[in-house]
**Q** 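Questions regarding the structure given below will be posed in turn.
Because the structure is predicted, anything quoted here is derived from the model rather than measured. First the proteins, then the strands, lettered A, B, ... as listed; each starts at 1.
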Amino acid sequence: MSEERSLNFIEEIVEGDIAAGKNGGRVLTRFPPEPNGYLHIGHAKAICLNFGLAQKYNGKTNLRFDDTNPVKEDVEYVDSIKEDVKWLGFEWANELYASDYFDKLYDLAVELIKQGLAYVDDSSAEEIAIQKGTPTEPGVANQYRNRSVEENLQLFAEMKDGKYPDGAKVLRAKVDMASTNMHLRDPLMYRIKHTHHHRTGDTWCIYPMYDFAHGQSDAIEEITHSICTVEFIPHRPLYDWFIEQLALFPSKQYEFARLNLNYTVMSKRKLLQLVEEGHVDGWDDPRMPTISGLRRRGYTPASIREFCERIGVAKRENMIDVGLLEFCIREDLNKTAWRRMAVLDPVKLVIDNYPEGKTEIFHGENNPEVEGGDGSREFPFGRELWIERDDFMEEPTKKYFRLGIGLMVRLKSAYIIKGESVVKDADGNITEIHCSYIPESQSGNDTSGINVKGTIHWVSADHAKSVEVRLYDRLFQVEDPGNEDGDFKDYINPNSLHVLPTVYVEPDLINAKVGTPVQFMRKGYFTLDKNSTPDKLVFNRTVTLKDGWVKK
RNA sequence: UGCCUGAUAGUAUAAUGGUAGUACGACGGUUUUUGGUACCGUUUGUCUAGGUUCGAAUCCUGGUCGGGCAACCA
């Protein structure tokens, strides 16, 4: 195994801990999504990091749903998250829920009250916000801070028993109202929400806040390395404070910079807006940066894992170019996807000297990158073909290697042809191209001695199948739509979806399967859309091929 | 005005006091029945000003710039 990639800073920490014999060398990470939305490529980074660490250091990873806010959460999201993590290729050790710990968390809160380190506050949200001060002015304590342990115990029990309406009271940790760290100014631990929870039903009407659920859940599970994103750095002192006061297992929090991808948005709020306002087809629209969107677009789990490996892990803010994601999927698909011919923008080609009614069967290897071609398939050839409109130029420029009047080109896996004439309609658009073919130039036994610079793809007009193809482009016109003036939706690319209703493909493509990508030669990688029917096949373009030809 | 973070080619990421390297991109070339792939080459960098040191991207001091922090969200 030549793992030549250097360690990222978290791997260094883990290796340091193992070397120091910390936790007996045990590594237990967790991936802790809140089930309030679909996973996106940013989550993939966290997933690959957490699961990857465990794999690398003989550890395990728990999947834990951070379901402490019932008003936002739903089983729909739980199910999609599990599907996406599995699809990415990872197996969790345990499927857990913060809500599994509601009893324990309640007991821990009571414990803190007994220690005189938590109190029930009757203030309104607005009052509490004012009393907290600002980053530059210290907060001030209120009269509730001095309630007796007994009173707090009773009030907290009454909160739990449903004696108070939403917002009437909260439980707060007694830390330091004057701390320069806002999160330490007596943070809220519990709030009242008479809301049905997707797992605990109506058992509870008080729910713990993130700060009093996350670290405690980590400790209960004895997570060794609790990895989150940098915006949680200010929470770390609180994370440690609760664990220390309650003498729990000392899980440690480490932070890395979240992924930013250009030409898209990554916040759940914004993604939800795109879905709800109908700017996209749903969470799995192929233009979405969600895992399910990328899957429907034709991305493979391996390509996403490779991407996450390549972007690295550090603490500084970053903006990754989607070009890297595209590179990763091309690299993967080049080695695995079968080649097929499809004409996206068809124009009729007639071979004048080829016998009418004659059909020949040619064949082509499935994948030239694989030893032996990975098998082959057959396709028919005839007098009338479809070729790409832009593979013909009536008056070709000097560096044009395709078909033109007087120009010769090879039809992939078939004959060399020479452009002869065109037929145009009243508007001057070319409706037919006429050519002649060189009978001795048949692919495989070419005795013509002719060398041509270009090869183009084609399909037989008599045998081609018609399918729909959807071409996708970036969803936004600017690199960082969330950071522009005005609404991010003002920057949506109006041409992000281009539907080609009539694309001619070689007959074998009726065997295409959802989840099995193919390369349309010279055009890109495509995948069958999940909503295809036998009568109407729909292909999504995953990504174009790299185009090294720049028109002069 | 405060606190917490961070700063290395266009982008991302290494170098852990000792030759600033890698990948993607861009550009050029070779091969090619995909203007793809593969292969080769070129290109561009340590935020700034001082200091310590034989030697600083790395350590120290000051500054500049970016991000985060005042949800009964996570």
**Q** Over all strands shown, is Ala125(A) touching base, sugar-phosphate only, or nothing at heavy-atom distances under 4.0 angstrom?
**A** base
**Q** Rounded to the nearest angstrom, tell me the gap between atom CD in Gln519(A) and atom C1' in G35(B).
**A** 13 Å
**Q** Can you tell me how far OH of Tyr525(A) sits from CD of Glu326(A), rounded to the nearest 0.5 angstrom?
**A** 12.5 Å
**Q** Ring centres within less than 5.5 Å and planes less than 30° apart: is that true of Trp549(A) and G35(B) in this structure?
**A** yes
**Q** With the side chain of Arg339(A) defined as its heavy atoms from C-beta on, choose the nearest nucleotide among A71(B), G36(B), C73(B).
**A** G36(B)
**Q** Any base atoms under 4.0 Å from Val71(A), or only sugar-phosphate, or nothing? Heavy atoms, all strands.
**A** nothing
**Q** Touch check for Gly167(A), heavy atoms < 4.0 angstrom, all strands: base, sugar-phosphate only, or nothing?
**A** base
**Q** Does the structure show a Watson-Crick or G-U wobble partner for C72(B), both distances under 3.5 Å? Name it, or say none.
**A** none
**Q** Regarding Arg339(A) and Glu365(A), does a basic nitrogen lie under 4.0 Å from an acidic carboxylate oxygen?
**A** no
**Q** Counting any heavy atom closer than 4.0 Å, what does Ser123(A) reach on the DNA or RNA strands: base, sugar-phosphate only, or nothing?
**A** base
**Q** Looking across every strand, which nucleic acid part, if any, lies under 4.0 Å from Tyr190(A) by heavy atom: base, sugar-phosphate, or nothing?
**A** nothing
**Q** If I pick the C1' atom on G68(B) and the same atom on G10(B), what distance separates them, to the nearest angstrom?
**A** 26 Å
**Q** Base, sugar-phosphate or nothing for Leu545(A)? Non-hydrogen atoms, less than 4.0 Å.
**A** base
**Q** Determine: side-chain N/O of Arg258(A) to OP1/OP2 of G68(B), distance under 4.0 Å, yes or no.
**A** no
**Q** Between A12(B), G67(B), A70(B), which one does the side chain of Thr134(A) approach most closely?
**A** A70(B)
**Q** Which value, in whole Å, describes the distance between the P atoms of nucleotides U61(B) and G25(B)?
**A** 41 Å
**Q** Pick the C1' atom in A20(B) and in C60(B), then give their distance to the nearest Å.
**A** 22 Å
**Q** Is it true that Phe307(A) and Tyr299(A) have ring centroids separated by less than 6.0 Å?
**A** no
**Q** Please give the nucleotide sitting opposite A26(B) as a Watson-Crick or G-U wobble pair, both distances under 3.5 Å, or none.
**A** U42(B)
**Q** Over all strands shown, is Ser124(A) touching base, sugar-phosphate only, or nothing at heavy-atom distances under 4.0 angstrom?
**A** base
**Q** Would you indicate what Pro33(A) reaches in the nucleic acid, counting non-hydrogen atoms under 4.0 angstrom: base, sugar-phosphate, or nothing?
**A** nothing
**Q** Got a salt bridge between Arg172(A) and Asp121(A), using NZ or NE/NH1/NH2 to carboxylate O under 4.0 Å?
**A** yes
**Q** Of the options C72(B), G68(B), C24(B), whose atoms approach the side-chain atoms of Phe327(A) most closely?
**A** C24(B)
**Q** Of the listed nucleotides (G2(B), U5(B), U34(B)), which one gets closest to any side-chain atom of Pro135(A)?
**A** G2(B)
**Q** Could you check whether Tyr400(A) gets within reach of a base, just the sugar-phosphate, or nothing at all, counting any heavy atom under 4.0 Å?
**A** base
**Q** U8(B) phosphate, OP1 or OP2: any side-chain N/O from Arg316(A) under 4.0 angstrom?
**A** yes
**Q** Take Ile130(A) and Pro368(A), find for each the nucleotide of RNA chain B with the closest heavy atom, and name the residue whose nucleotide sits nearer the 5' end.
**A** Pro368(A)
**Q** Looking for any heavy atom pair under 4.0 Å, which part of the strands does Lys546(A) touch: base, sugar-phosphate only, or nothing?
**A** sugar-phosphate
**Q** Provide the distance between the two C1' atoms, one in C24(B) and one in G18(B), to the nearest whole Å.
**A** 30 Å
**Q** Are OP1 or OP2 of C73(B) and a side-chain N or O of Thr68(A) less than 4.0 angstrom apart?
**A** no
**Q** Using a strict threshold of under 4.0 Å (side-chain N to carboxylate O), is an ion pair present between Glu306(A) and Arg310(A)?
**A** yes
**Q** With respect to the side chain of Ile233(A), which nucleotide from U5(B), U13(B), A70(B) is positioned closest?
**A** U5(B)
**Q** Does any N or O donor sit under 3.5 Å from an N or O acceptor when you compare the side chain of His235(A) with the base of A74(B)?
**A** yes
**Q** Strictly below 4.0 Å: does Arg522(A) bring a side-chain N or O up to OP1 or OP2 of G35(B)?
**A** yes
**Q** For the side chain of Arg310(A), starting at C-beta, report the closest nucleotide among G36(B), C24(B), A74(B).
**A** C24(B)
**Q** Looking only at the side chain of Asn8(A) (C-beta and beyond, no hydrogens), which of the listed nucleotides A14(B), A74(B), C72(B) gets closest?
**A** A14(B)
**Q** How is Arg410(A) classified with respect to the nucleic acid when contacts are heavy atoms under 4.0 Å: base, sugar-phosphate, or nothing?
**A** base
**Q** Identify the residue among Phe379(A), Tyr437(A), Tyr504(A), Phe392(A) that makes a ring pair (Phe, Tyr, Trp, His ring centres under 6.0 Å) with Trp458(A).
**A** Phe379(A)
**Q** If we take the P atom in both U8(B) and G66(B), what is their distance in whole Å?
**A** 14 Å
**Q** Can you tell which of A14(B), C3(B), C72(B) lies closest to the side chain of Ser6(A)?
**A** A14(B)
**Q** Find the partner of U32(B): check Watson-Crick (N1-N3 plus N6-O4 or O6-N4) and G-U wobble (N1-O2, O6-N3) distances, both under 3.5 Å, and reply none if neither fits.
**A** none
**Q** What does Glu34(A) touch in the nucleic acid at a heavy-atom separation under 4.0 angstrom: a base, only the sugar-phosphate, or nothing?
**A** sugar-phosphate
**Q** Salt-bridge test for Asp218(A) and Arg64(A): reply yes if a basic N is under 4.0 Å from a carboxylate O, no otherwise.
**A** yes
**Q** Report yes if a side-chain nitrogen or oxygen of Arg191(A) is closer than 4.0 Å to either non-bridging phosphate oxygen (OP1 or OP2) of A74(B); otherwise report no.
**A** yes
**Q** Answer with base, sugar-phosphate or nothing: what part of the nucleic acid does Leu188(A) contact at a heavy-atom distance below 4.0 Å?
**A** base
**Q** Is the closest basic N to carboxylate O distance between Asp100(A) and Arg199(A) below 4.0 Å?
**A** yes
**Q** Answer with base, sugar-phosphate or nothing: what part of the nucleic acid does Lys193(A) contact at a heavy-atom distance below 4.0 Å?
**A** sugar-phosphate
**Q** Does G62(B) have a Watson-Crick or wobble mate here (both distances under 3.5 Å), and if so which one?
**A** U48(B)
**Q** Measure the distance from NZ on Lys523(A) to P on U37(B) and round it to the nearest whole Å.
**A** 15 Å
